[in-house]
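Everything on this sheet refers to the single structure shown next.
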Amino acid sequence: QVQLVESGGGLVQAGGSLRLSCVASGRTFSTYAMAWFRQGPGNDRDFVAGFTWSGGRTQYADSVKGRFTISGENAKNTVYLQMNSLKPEDTAVYYCAATKAMTTTSYRSWYDYWGQGTQVTVSS
């Protein structure tokens with residue numbers, strides 16, 4: 001079992017930055033692939049970025065490429081999402097997810113564990 005706790009959300013103006021953190025506890029964290037998803041008002045929960053500990057491979061949704069960066073710090077069992085050049089359309093609840101698989105995909109069903117989410121609001 002893995003428990004995921006997100007933090008770092010908040011209110012920011014368009015063009016600003018935020019860094020989200022996802023701290024994991026429970027079973028061996030480094031064997032899981034990790035991802036961030038987001039769900040805006042009235043929208044589905046969509047893939048944002050993925051990260052694998054093995055080789056540090058990353059994957060991004062087209063909408064955030066060049067603006068967001070996902071990374072991990074194994075010693076702290078933490079995965080980060082650095083978000084720059086934020087836009088109002090980035091407003092959403094951001095969720096951390098973990099999969100027992102060694103790769104990430106954009107499919108929600110791929111992931112076994114989810115955090116409770118952290119709200120990000122970008123004002124225009």
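Note that this is a predicted model, so its numbers are computed, not measured.
With a 6.0 Å radius and a threshold of 12 heavy atoms from other residues, nucleotides or ligands, Gln39 has its CD atom above the threshold.
Not one N or O on the side chain of Tyr111 forms a donor-acceptor pair closer than 3.5 Å with the backbone of Ala33. The closest donor-acceptor contact from the side chain of Trp110 to the backbone of Ala101 lies at 3.5 Å or more, if one exists at all. Formation of a donor-acceptor pair under 3.5 Å by the Glu6 side chain with backbone atoms of Cys22 is not found in this model.
From Thr52, atom OG1 reaches atom CE of Met34 across 11.5 Å, with rounding to the nearest 0.5 Å. Here the CD atom belonging to Gln59 is positioned 7.0 Å from the OG1 atom belonging to Thr105, to the nearest 0.5 angstrom. Separating the CD atom in Gln13 from the OG atom in Ser124 is a distance of 9.5 Å, to the nearest 0.5 Å. The CD atom of Gln116 sits 10.0 Å away from atom CG of Leu4, with the distance rounded to the nearest 0.5 Å.
With 3.5 Å as the limit, one finds no donor-acceptor pair spanning the side chains of Glu73 and Thr78.
The minimum heavy-atom distance linking Ser17 with Asn84 is given by the pair OG-OD1, 2.9 Å. Minimum interatomic distance between Ile70 and Ala35 (heavy atoms only, all atoms of both residues): CD1-CA, 4.5 Å. Closest heavy-atom contact between Leu81 and Ala49: CD1-CB, 4.1 Å. Scanning both residues, Gly72 and Phe51, for their nearest heavy atoms gives N-CZ, 3.6 Å. Scanning all heavy atoms of the two residues, the minimum distance from Ala24 to Val2 falls at CB-CG1, 4.3 Å. Of all the heavy atoms in Val12 and Leu18, the pair that sits closest is CG1-CD1, 4.0 Å.
The shortest side-chain heavy-atom distance between Thr104 and Arg57 does not fall under the 4.5 Å cut-off. In this structure the side chain of Asp90 reaches within 4.5 angstrom of the side chain of Arg38, judged on heavy atoms.
Linking ILVMFWY side-chain heavy atoms closer than 4.5 Å, directly or via other members, places Val120 and Val64 in a single hydrophobic cluster. Val93 and Val48 fall into different hydrophobic clusters, where Ile, Leu, Val, Met, Phe, Trp and Tyr residues are linked whenever their side-chain heavy atoms come under 4.5 Å apart, directly or through other members.
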### Message
I'd like to know whether Trp53 forms a side-chain contact (heavy atoms from CB on, under 4.5 Å) with Val79, so could you lay out the CA-CA distance, the side-chain angles of the two residues, the decisive distance to 0.1 Å, and finally the verdict.
### Response
CA-CA 10 Å; Trp53 294 104; Val79 172; 3.8 Å; yes
### Query
Please walk me through it: do Thr121 and Gln119 pass side-chain contact (heavy atoms from CB on, under 4.5 Å)?
CA-CA 6 Å; Thr121 303; Gln119 176 71 47; 3.3 Å; yes
### Task
May I have the step-by-step check of side-chain contact (heavy atoms from CB on, under 4.5 Å) for Trp36 and Cys96, ending in yes or no?
CA-CA 5 Å; Trp36 287 94; Cys96 180; 4.1 Å; yes
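Looking at residues two or more places apart in sequence or on another chain, you find a side-chain contact (heavy atoms from CB on, under 4.5 Å) between Ser85 and Arg67.
Here ring-ring contact (aromatic ring centres under 6.0 Å, His included) pairs that include residues 55-109, with residues two or more places apart or in two chains, number zero.
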